[in-house]
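In what follows, a structure is listed as structure tokens, so that the remarks can point back to it.
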Amino acid sequence: MATIQPVVFFFVLGVLAGVVKSDLKIPEALYKSLSIFLLIAIGFKGGVSMAKYDIMEVLPIASAMVVLAAMVPLTAYPILRFVGKFSQADAGSISAHYGSVSAVTFAVGVAYLANINQTSEGYMALIMALMEIPALVTGVILAKAGANKAEGEKTQWGKLLHEILTGTSLILLIGGVIIGYYAGVTNNVAPLDKMYMDLFMGVLALFLLEMGLLASARLKAVLEKGVFIVAFGILFPLTAGLFGAYVGWYFQLSPGGTMLLAVLYASCSYIAAPAAMRIAVPEADPAVSIGASLGVTFPFNIFVGVPIYWQMAEWFHSIPLD
Amino acid sequence: MATIQPVVFFFVLGVLAGVVKSDLKIPEALYKSLSIFLLIAIGFKGGVSMAKYDIMEVLPIASAMVVLAAMVPLTAYPILRFVGKFSQADAGSISAHYGSVSAVTFAVGVAYLANINQTSEGYMALIMALMEIPALVTGVILAKAGANKAEGEKTQWGKLLHEILTGTSLILLIGGVIIGYYAGVTNNVAPLDKMYMDLFMGVLALFLLEMGLLASARLKAVLEKGVFIVAFGILFPLTAGLFGAYVGWYFQLSPGGTMLLAVLYASCSYIAAPAAMRIAVPEADPAVSIGASLGVTFPFNIFVGVPIYWQMAEWFHSIPLD
Amino acid sequence: MATIQPVVFFFVLGVLAGVVKSDLKIPEALYKSLSIFLLIAIGFKGGVSMAKYDIMEVLPIASAMVVLAAMVPLTAYPILRFVGKFSQADAGSISAHYGSVSAVTFAVGVAYLANINQTSEGYMALIMALMEIPALVTGVILAKAGANKAEGEKTQWGKLLHEILTGTSLILLIGGVIIGYYAGVTNNVAPLDKMYMDLFMGVLALFLLEMGLLASARLKAVLEKGVFIVAFGILFPLTAGLFGAYVGWYFQLSPGGTMLLAVLYASCSYIAAPAAMRIAVPEADPAVSIGASLGVTFPFNIFVGVPIYWQMAEWFHSIPLD
Amino acid sequence: MNNTKAMKRIDIVIGEEKFDNLIELLSENKIRGYSVLRKIGGLGSRGFRSPYDILMQEENVLVVVVCEIDPAENLIKSIQPKLKDFGGMCLVSDCLWVEGPPISY
Amino acid sequence: MNNTKAMKRIDIVIGEEKFDNLIELLSENKIRGYSVLRKIGGLGSRGFRSPYDILMQEENVLVVVVCEIDPAENLIKSIQPKLKDFGGMCLVSDCLWVEGPPISY
Amino acid sequence: MNNTKAMKRIDIVIGEEKFDNLIELLSENKIRGYSVLRKIGGLGSRGFRSPYDILMQEENVLVVVVCEIDPAENLIKSIQPKLKDFGGMCLVSDCLWVEGPPISY
Ligand SMILES: Nc1ncnc2c1ncn2[C@@H]1O[C@H](COP(=O)(O)O)[C@@H](O)[C@H]1O
Ligand SMILES: Nc1ncnc2c1ncn2[C@@H]1O[C@H](COP(=O)(O)O)[C@@H](O)[C@H]1O
Ligand SMILES: Nc1ncnc2c1ncn2[C@@H]1O[C@H](COP(=O)(O)O)[C@@H](O)[C@H]1O
Ligand code: NA
Ligand code: NA
Ligand code: NA
């Protein structure tokens, strides 16, 4: 197994700074700028390497992997509702968070692969962008289905779909993929790679520092909610990751791609999902879902999960497919 | 003709995000940071390549090109006043916008040249910095000349000149030119180029994304003002560009430099000019001038204009000068 | 003597922009982002080159140099109190500022060394991080010792120590050192260096631009305080630098390291010290200490001091130690 | 006090997403002056919007309208039916406008 | 004015570092609505905090609480002993709450 | 209300470019406390300053001065002649200062 990458220690640094109540603060504008950068860079990089594929061949596989991602919230819901005893709204909302993805966890996975000299299919970035759609829609249906609606309370499906389809992450990822693809096909990657490829890891480091600060603030809230949600935040992603690794292997992705699909299934959202849930399931408590996602699952994934998903990918690939 | 550069598609992405009402927002601090970067980088790069020239030889030519730039607002004014039926104040203000320049359009021109492996005279950055002076002064004179001044209303020439001469873009461009020149002459470019040269295109991409968002918000306002201003926003820069290409060729610039002069004459301001006009011609309506400049001419120039100005430059240079 | 580095002219540009009252403004978020970057980069770079040393050998030397740094405020205090006639609180507070360090002055020193192809001991970054502790504590003791305390006014030692030990600069520098060290030892520097090493000088340039703007605003205030504080701001760092060069040479640092130690002893704080003094010595006037530090000593050091400290280092090293 | 004019001050705090609607309503009411403060956090019926939390992306806006008593009453009347949708709060208080600046009310 | 309810408006300006304490105090007092404005500069007994100075890192926070008259008096009573530590200022004034939005006071 | 002192609250909104002039005027009037809020948009006689428009670089500043009744009247008197140049608006209202914090008025 490879050594832990230096970049994830920036997360630890952020957590420590939070714990000792340092006056270190990442300006909000920097945080937002870094996420814009990362989304474009992930999309762009994916698009550039997609230029080597035949899109018509890729699309059906990619669609299948996106649709299958709806299994993740469908599995999470009954556990949360009947084991965890969460209300229907909360269980649906948390399911949506875990069905959705975290671009930063994905980025750590990409960095891990680079570190061990593995490549992956470029269209994983596209899959990431699209996966949010079934995850969030399924989550909302679960949260709402059969519930007695109070007078005047209608699920704002139009507004929700608009929020999902025009959300920052979807727009930037898909925009990045298309521009990267165009740059790859027309052989024009050259001057843009200095920023969107070479600086990727350095920017990720700063972003993880901020994430550490944020996570340390959230962890306390989630610990107060009891042991179930912490256990869920660790065990559920392992299960979802295993399923992702299986699906990736089944569709004959490379080991690197298989691992990234496991990461996508296993990772959970703390930006897009909260925004969507606030609109569609306002009665759900965001403190639990964001707390579990950011305070438990995110650190688990970047330190422990990612290497395990790589083990899973290798393990499946040691099975002869035919 | 070369393929369209990937970087301009970031502008399209921004427009699309604006049109679908995405929640994508570029933090104001990022926008301002990127423009500071671009101005320094343009100046620095120009300064470095100026180090190869004899300044005493360059200055008279450069001055001539700056002074001739006053022709641009002088031509725009009668068209706007008598064909477009704008008030004297508005016609003068819009003339000043079109006489002035857009550093980002210039940057797209520079990127275009890099893409087709053409070089240009480094002092074009200096010309850009200085061109704002005659353009804005002429525009204000046109807006004010002979108008009956209401009691107490005096053109604040002192304040205006201060605003023009100490404006952010002039300070940063000229500062960048001088420091770049010094770095070039003393052979000290090396560690600064990693940022101000290598990252230029990547930063430009982010900036164009923001410009797209801004332009989509402005376009609606300008379309409401009718077809004249849209036609003006397309046809006038073509004329000004032709004149610029002629002047560049006449002063024996390289084809690349000729094209950049055409870009400077053709491009128009949406930052420095509005700020100056607010002080000097407060009665002019900024919505029209910024709308035409940012909503019509800017996108026209970066997509269609720049390749045409290159054609013009090539065409003039196919004429034997002696 | 080497030519002046281009990067320091960005400071001049900032001062000029301030003096002519340009509308140039560096967004606060950019300023904070750049300082976060510089602190991480200085730490990281130091940590990477520390990986070549045996830590157990380094620690005692480093500790000695940190402890000796307390001599700086102890020397400054009587001069300020009895020659400069400052109140006890002000003399203590200014001493703390001059005992503490400026990461940007250090960065200019590092850039100077790179320019003349000299290396230095990586652990200087660590020393810089730790030097603030004795400097600030000594300064506060000087400001408070024996003073008649008004009722209810107790020095908040707990709060002060917390502020010093968890301050942004200490956390980021030490965090950067550790991560850089780990990256160096595990041979994982590669993808992070594109950002934290290659871009160092370019970021420093932007930061110096901002520092120039800030210094021009402060200089006026300090000039009004009379000639003593200006003379102190120039002569004291020369003395402290000489002492630092002596200590560095005595502990057998390389010439580069010797010069950096001189820079650390000579430089003074305008961020960490003001924050600490506000808590511990609120009765001191921050305008004097920040004004002298930022308006006088900082520019003196980066233009004149740094080359002189290099001369001092070379001069000591021409003395045979045994 | 001399040289002052009795006016009404209306303070409205609403979610940023309703800002455009409110501005439209103000211009329908021919309001000629108001001030807008952004990035406001708070607690209300829809929970806590922390001004320090960079993950929570919702912010409130405070719009302060100072106008004469009649337009104030009309504005209140036309704002009231929309308040349920707007959320937030709407306050009215008394103030004196110091005369001197160009009239923008 | 019709459809309005007489309320108290409490404006508190304190240093950012005391914000958490204040919020706690508000929630102990069962305050159900308030607004928070950040990045406020000012002059007070502890000197000038320039809103333009990026080196000075201290900022003030303005918290506006609108509530009924009884809770307002209770709040004032429990805030007063802490004001010496909080610094800043605390004002009370009268206002009318325009009815309509979900009640958050 | 007990432990409170009747004071005047003066709210001044002006363009950022006049901020320094205003502060000077306050210190000439020996005002010992005020708060400053930046980045304020609004509509006034000089048109709309959108708080969301990053191209428009003009912003307003809100300065809130709380002081005793006499200094308030003096301040108003010395501010009034400058208001034409300052633009914006200047309001006076009543408030109660809750006693306790170090006196900064
Ligand atoms: N009637 C009003 N109510 C609230 N704010 C106002 C009013 N009139 C002017 N202002 C504020 O003062 C600023 C400058 O006003 P003016 O100088 O008249 O353009 C405006 O942008 C508003 O923020
Ligand atoms: N009683 C109150 N006092 C002060 N501000 C309030 C009050 N109630 C609501 N607000 C503000 O209005 C915003 C939206 O309220 P709501 O729609 O009820 O969640 C809150 O986030 C607060 O900023
Ligand atoms: N008289 C006053 N009027 C308005 N704001 C004040 C007043 N006194 C204090 N403040 C505000 O409260 C903050 C802290 O006050 P202090 O703790 O007295 O320094 C100041 O920076 C001002 O923003
Ligand atoms: Na997932
Ligand atoms: Na032009
Ligand atoms: Na020092």
Side-chain angles (χ1 to χ4, degrees), chain D residues 1-41 51 59-68 71-72 75 91-105, chain F residues 8-16 18 22 25 35-54 56 58-65 67 69-96:
Chain D
M1 229 172 255
N2 286 337
N3 303 320
T4 55
K5 188 171 154 58
M7 306 273 278
K8 289 286 174 193
R9 168 186 171 138
I10 303 172
D11 288 82
I12 305 164
V13 177
I14 49 166
E16 186 188 24
E17 63 280 4
K18 303 289 181 190
F19 177 65
D20 289 342
N21 301 352
L22 176 63
I23 291 306
E24 215 170 283
L25 206 138
L26 295 180
S27 84
E28 279 167 17
N29 274 274
K30 308 225 172 357
I31 294 296
R32 284 184 304 192
Y34 54 81
S35 295
V36 183
L37 287 83
R38 283 185 57 192
K39 305 211 180 227
I40 292 179
E59 67 179 50
N60 296 320
V61 184
L62 163 61
V63 177
V64 179
V65 181
V66 178
C67 59
E68 288 176 279
L75 178 58
L91 306 175
V92 188
S93 56
D94 292 314
C95 64
L96 300 173
W97 175 284
V98 179
E99 281 168 18
I103 290 173
S104 50
Y105 53 80
Chain F
K8 289 287 174 191
R9 168 184 172 141
I10 303 171
D11 288 81
I12 305 164
V13 178
I14 50 167
E16 186 187 23
K18 303 289 182 190
L22 176 61
L25 208 139
S35 295
V36 183
L37 288 83
R38 283 185 56 194
K39 304 212 179 224
I40 292 179
L43 177 72
S45 57
R46 282 171 303 179
F48 184 47
R49 298 175 168 199
S50 165
Y52 291 99
D53 186 347
I54 66 185
M56 279 296 176
E58 286 188 324
E59 67 180 49
N60 295 321
V61 183
L62 163 60
V63 177
V64 179
V65 180
C67 59
I69 295 165
D70 285 355
E73 291 196 342
N74 292 336
L75 178 59
I76 299 298
K77 263 184 214 132
S78 68
I79 257 183
Q80 202 162 23
K82 315 230 166 161
L83 278 180
K84 217 178 168 184
D85 170 46
F86 282 0
M89 72 173 182
C90 177
L91 306 176
V92 187
S93 56
D94 294 314
C95 64
L96 300 173

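Because the structure is predicted, anything quoted here is derived from the model rather than measured. Sequence lines set the chain letters: A, B, ... in the order given, protein chains first and strands last, and positions in each chain run from 1.
Between chain D and the residues F:Q80, F:K84, F:K39, F:K82, the most heavy-atom pairs under 4.5 angstrom are made by F:Q80. Ranked by heavy-atom pairs shorter than 4.5 Å toward chain D, the options F:G44, F:G87, F:P51 are led by F:P51.
Distance CE/F:M89 to SG/D:C95: 7.5 Å, rounded to 0.5 Å. Of the inter-residue distances, the one linking D:N3 atom CG with F:C90 atom SG reads 11.5 Å to the nearest 0.5 angstrom. To the nearest 0.5 Å, atoms CD1 (F:I40) and OH (D:Y34) are separated by 14.0 Å.
In this structure, chain F has no heavy atom under 4.5 Å from any part of D:V65. Only the side chain of D:F19 comes within contact range of chain F, with at least one heavy atom under 4.5 Å from a heavy atom of that chain. Within the 4.5 angstrom heavy-atom criterion, no atom of F:D85 approaches chain D. Heavy-atom distances place the side chain of F:L37, and not its backbone, under 4.5 Å from chain D. For F:R46, no part lies near chain D; criterion is any non-hydrogen pair under 4.5 Å. In this structure, no portion of D:L62 lies under 4.5 Å from any heavy atom of chain F.
The shortest distance between side-chain heavy atoms of F:L91 and D:V66 falls below 4.5 Å. Contact check for D:V98 versus F:V92: side-chain heavy atoms found under the 4.5 Å cut-off. The shortest distance between side-chain heavy atoms of D:R9 and F:D11 falls below 4.5 Å.
Annotation for D:D94 and F:S93: closest pair O-CB, 3.7 Å, computed over non-hydrogen atoms. The two residues D:S104 and F:G88 come nearest to each other via the heavy atoms OG-O, 4.3 Å.
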Using the side chain to side chain contact (heavy atoms under 4.5 Å, CB included) rule, take D:E16 and F:Y52 through it: C-alpha gap first, then chi angles, then the decisive distance, then the call.
-> CA-CA 11 Å; D:E16 186 188 24; F:Y52 291 99; 3.0 Å; yes
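Summarising the local packing, CZ of D:R32 is surrounded by 12 or fewer heavy atoms from other residues, nucleotides or ligands at distances under 6.0 Å.
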